[in-house]
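By convention in this document, chain letters (A, B, ...) are assigned in the order of the sequence lines, proteins followed by strands, and residues within each chain are numbered from 1.
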Protein chains: 2
Amino acid sequence: MGTPKRKGGTTRSSLIYDTLRQDLVNGRFKAGEKVAISALKEHYEVGLSPLREALNRLAAYGLLIQENQRGFRVPGLNREELDDIAEMRRELEVMALKRAIERGNAEWESELLAAAHRLRRADETSQPVEEWEQLHGKFHRTLLAPCGSAWLLRFIEQLYDQFDRYRRLAPPAPQMREHLNRQHDQLVTLALAGKVTEAQELMEDHIHRSYLVALGACQ
Amino acid sequence: MGTPKRKGGTTRSSLIYDTLRQDLVNGRFKAGEKVAISALKEHYEVGLSPLREALNRLAAYGLLIQENQRGFRVPGLNREELDDIAEMRRELEVMALKRAIERGNAEWESELLAAAHRLRRADETSQPVEEWEQLHGKFHRTLLAPCGSAWLLRFIEQLYDQFDRYRRLAPPAPQMREHLNRQHDQLVTLALAGKVTEAQELMEDHIHRSYLVALGACQ
DNA sequence: GTCGAAAATATAATCGATTTTTTGAATCCG
DNA sequence: CGGATTCAAAAAATCGATTATATTTTCGAC
């Protein structure tokens, strides 16, 4: 019958992968630190096999560093790496934005407006930070989604995670944050109006300002 | 002493990863096919744990598709995907080439000449194809190596592998191949002369011609 | 014959234990 | 003392077996 016997088709490996990815991006592990596998095992109450599979995936994704025979380490935080990440994010997101604006359809416009609205509301009602982060990521993904390139989106997602490791660790900058929030709405306006160049310039500025905030994590 | 007691620090997991990566890029698995884990286990004479870790890495890298509770599949080959891969490769390699030319030093110039020479020689003496492929990859990596962005190089490497899945499967096109080989030397000349724009244009053409060859794998 | 349910089989995922390698401390010459 | 060497403890990697899930087959009712 209509029983919720719906199988999500999930696996311990994937669950722990998602959890660890979140925790790594959120800076819950000290940068540069060695990963104590058996401690994780205890902490997350998970077996060794699924845990190791998740760690292997995370290393291939770039959120961990794998060293043969000596396990996994959390990547360090340093300015040069952040420069690289921010620069690549800028290049790729600007590229994707152009394509998204040119290819986005009416359905996309609605979703984009909705995502921006939810983000704005979460900010005004000062929701828990994790809630806001979720909606923020969702907004940026929605904005670029119709760019037409699965690989481009994949790389951008990866860079976004890398970038967020720094940004979430940086000290709060309320004024800048407010400015960044306003830019989200401006991005929507320009995107819906089809103003490619202006939207691209705004995106550059948006990422640059975020970069300035994220820099605070490097000292 | 000079004893070859050099510790490679390798692991079964990494060995099987490298082997599988090679075999996947070389098209030794049918596209779209489900991966029979226990068959691989036998074939490569490896245990289940290291094998699964390697498969997880390959899925995160994009050479396999992981589906919870139903194992791994080899990605299919289709034109749209190839278009995406080639287009991204073009964008990113052109970007990297500019930076590499601007930042490459004398040491790089020597290595680039050497890599081009080895590639040319392998072609003239008709070495085994695997030898040539190795040197070809090495040449392209050397060309872009000093671009200064680890992430850019990482993405390019990934796309190169994806692209090669198609190219190596495509029927031979000796005439085009010869033209592509000449372009390698021209790329070196332009790069060493610091002619950024011309080198970029040549790179675009090079990737486009390779794309035309690779298209042959789609029918 | 065919559709659907239920048992049987095959495969994926996970566990617990073992082996291998690294790390860190203690020891031994020079 | 300093530097290498050995040994013990810790950690990583791997194995063999078990459990859970998907897939195939069988079987009975229509």
Mind listing the N/O atom pairs, protein and nucleotides 12-15 of chain D, below 3.5 Å?
from, atom 1, to, atom 2, distance (Å)
dA12(D), OP1, K34(A), NZ, 2.7
dA12(D), O3', G71(A), N, 3.4
dA13(D), OP1, Q69(A), N, 3.0
dA13(D), OP2, R52(A), NH1, 2.8
dA13(D), OP2, R52(A), NH2, 2.9
dA13(D), O3', T11(B), OG1, 3.2
dT14(D), OP1, T11(B), OG1, 2.9
dT14(D), OP1, R12(B), N, 2.4
dT14(D), OP2, T11(B), OG1, 3.1
dT14(D), OP2, S13(B), N, 3.4
dC15(D), OP2, G47(B), N, 3.1
dC15(D), N4, S49(B), OG, 3.1

Original post:
Quick one: side chain to side chain contact (heavy atoms under 4.5 Å, CB included) partners of Q183(B), sequence neighbours excluded?
Top reply: H179(B), L180(B), Q186(B), L202(B), D205(B), H206(B), R209(B)

**OP:** Could you state the atom-to-atom distance from CG of L15(A) to C1' of dA20(D) in whole Å?
**Re:** 15 Å

Subject >> Partner residues of F155(B) under the ring-ring contact (aromatic ring centres under 6.0 Å, His included) criterion, sequence neighbours left out >> reply: F155(A), W151(B)

Original post:
Between S149(B) and R154(B), is any pair of side-chain heavy atoms under 4.5 Å apart?
Top reply: no

Original post:
Could you give all pairs that pass the ring pair (Phe, Tyr, Trp, His ring centres under 6.0 Å) test and reach residues 109-138 of chain B, with sequence neighbours left out?
Top reply: W132(B)-H136(B), H136(B)-H140(B), H136(B)-H184(B)

**OP:** Rounded to the nearest angstrom, tell me the gap between atom CD1 in I16(A) and atom C1' in dT14(C).
**Re:** 14 Å

**OP:** Rounded to the nearest angstrom, tell me the gap between atom CZ in R73(B) and atom C1' in dT11(C).
**Re:** 16 Å

**OP:** Rounded to the nearest angstrom, tell me the gap between atom CG in N56(B) and atom P in dA12(C).
**Re:** 13 Å

Original post:
Rounded to whole angstroms, how far apart are NZ on K41(B) and C1' on dA12(C)?
Top reply: 13 Å

Would you be so kind as to tabulate the donor-acceptor pairs closer than 3.5 Å made by side chains of residues 15-28 of chain B, with sequence neighbours excluded?
from, atom 1, to, atom 2, distance (Å)
T19(B), OG1, L15(B), O, 2.9
R21(B), NE, D161(B), OD2, 2.8
R21(B), NH2, E157(B), OE2, 3.1
R21(B), NH2, D161(B), OD2, 3.0
Q22(B), NE2, E130(B), OE2, 3.4
D23(B), OD1, R28(B), NH1, 2.5
D23(B), OD2, Y44(B), OH, 2.6
N26(B), OD1, R168(B), NH1, 2.6
N26(B), ND2, Q22(B), O, 3.4
N26(B), ND2, E130(B), OE1, 3.4

Nucleotide N/O of nucleotides 5-10 of chain C paired with protein N/O under 3.5 Å:
none

**OP:** Would you please name every residue forming a side chain to side chain contact (heavy atoms under 4.5 Å, CB included) with K41(B), sequence neighbours left out?
**Re:** L48(B), L51(B)

Please output the side-chain donor-acceptor pairs of residues 211-218 of chain B that fall under 3.5 Å, not counting sequence neighbours, one pair per line with the distance.
from, atom 1, to, atom 2, distance (Å)
Y211(B), OH, R79(B), NH2, 3.4
Y211(B), OH, D83(B), OD1, 2.5

Exercise answer: donor-acceptor pairs, residues 106-116 of chain B side-chain atoms, under 3.5 Å, sequence neighbours excluded:
from, atom 1, to, atom 2, distance (Å)
W108(B), NE1, T142(B), O, 2.9
S110(B), OG, A106(B), O, 3.1

